[in-house]
Chemist: 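Please read through the structure below; I'll follow up with questions.
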Amino acid sequence: MTDVLLRGSESARADGPETPRPNRHASPARAADDPREPGGNDDDRSGTAIITRTKPKTKRPSLYRVLLLNDDYTPMEFVVHVVEKFFNKSQEDAYQIMMHVHHNGVGECGIFTYEVAETKVTQVMDFARKHQHPLQCVMEKK
């Protein structure tokens, strides 16, 4: 999206083109040599300048799935506890996710932006290690 502003057109009259106003701050020697200065050597000057302002387009951040992987050693109750604690799931939802992981080998706990997903994976892995369980948690781009 581009906004267009016209400078100098506010004071332009309907009876003719606007004449350039002298720049009080420019030195006389410079004004004669510089085509940007009023009174300079610019014959194409119309008295109106167009300024465009471009608005940056924002894009949605990429999303990542946080997955739990099945193993033969981590107790089911511990997995339910992890899903409740780190993914704010109810006991029923956590149980369903745990059973999905148990039967299918992998289960999705949530979808997050990169930083949030990375934090969740780290928290789950640290918590599992602290409790001496080999539970694996990974993230993948959705």
Chemist: To the nearest 0.5 Å, tell me how far Cys109 SG sits from Lys120 NZ.
Modeler: 10.0 Å
Chemist: Which heavy atom of Asn88 sits nearest a heavy atom of Lys85, and at what distance?
Modeler: OD1-O, 4.0 Å
Chemist: Between Met139 and Ile111, is there shared hydrophobic-cluster membership here, with clusters defined by ILVMFWY side-chain heavy atoms closer than 4.5 Å?
Modeler: no
Chemist: Enter the distance from Thr113:OG1 to Arg60:CZ here, rounded to the nearest 0.5 Å.
Modeler: 12.0 Å
Chemist: To the nearest 0.5 Å, how far apart are CD in Glu118 and CD in Glu115?
Modeler: 7.5 Å
Chemist: Assigning hydrophobic clusters by single linkage (Ile, Leu, Val, Met, Phe, Trp, Tyr; side-chain heavy-atom cutoff under 4.5 Å), is Val138 placed with Val106?
Modeler: yes
Chemist: May I have all residue pairs that pass side-chain hydrogen bond (donor to acceptor under 3.5 Å, both in side chains) and include part of residues 67-79, sequence neighbours excluded?
Modeler: Asp71-Thr74
Chemist: With a 6.0 Å cut-off (strictly less than), is the heavy-atom count around CD of Glu140, excluding the residue itself, greater than 12?
Modeler: yes
Chemist: Run the side-chain contact (heavy atoms from CB on, under 4.5 Å) check on Leu68 and Val83 step by step: do they pass?
Modeler: CA-CA 9 Å; Leu68 284 179; Val83 174; 3.6 Å; yes
Chemist: Same cluster or not: Leu69 versus Val66, using hydrophobic residues (I, L, V, M, F, W, Y) connected whenever any side-chain heavy atoms lie under 4.5 Å apart?
Modeler: no
Chemist: Is there a side-chain contact between Asp126 and Lys130 in this structure, where contact means two heavy atoms from C-beta onward sitting under 4.5 Å apart?
Modeler: no
Chemist: Per the ring pair (Phe, Tyr, Trp, His ring centres under 6.0 Å) rule, what does the pair list look like for residues 100-142, sequence neighbours excluded?
Modeler: Tyr64-Tyr114, Phe78-Phe127, Phe78-His131, Phe78-His133, His81-Phe127, Phe86-Phe127, Phe127-His131
Chemist: Can you list the residues that meet the side chain to side chain donor-acceptor pair (under 3.5 Å) rule with Arg129, with sequence neighbours excluded?
Modeler: none
Chemist: Could you go through the side-chain contact (heavy atoms from CB on, under 4.5 Å) check for Glu84 and Ser90 one step at a time?
Modeler: CA-CA 6 Å; Glu84 288 174 345; Ser90 67; over 6 Å; no
Chemist: Starting from Met76, can I reach Val80 by hopping between I/L/V/M/F/W/Y residues whose side chains sit under 4.5 Å apart?
Modeler: yes
Chemist: Does the pair Cys137 and Leu67 meet the rule for a side-chain contact (heavy atoms from CB on, under 4.5 Å), with working shown?
Modeler: CA-CA 6 Å; Cys137 185; Leu67 307 169; over 6 Å; no
Chemist: So if you build clusters from Ile, Leu, Val, Met, Phe, Trp, Tyr with side-chain heavy-atom gaps below 4.5 Å, do Met98 and Met125 land together?
Modeler: yes
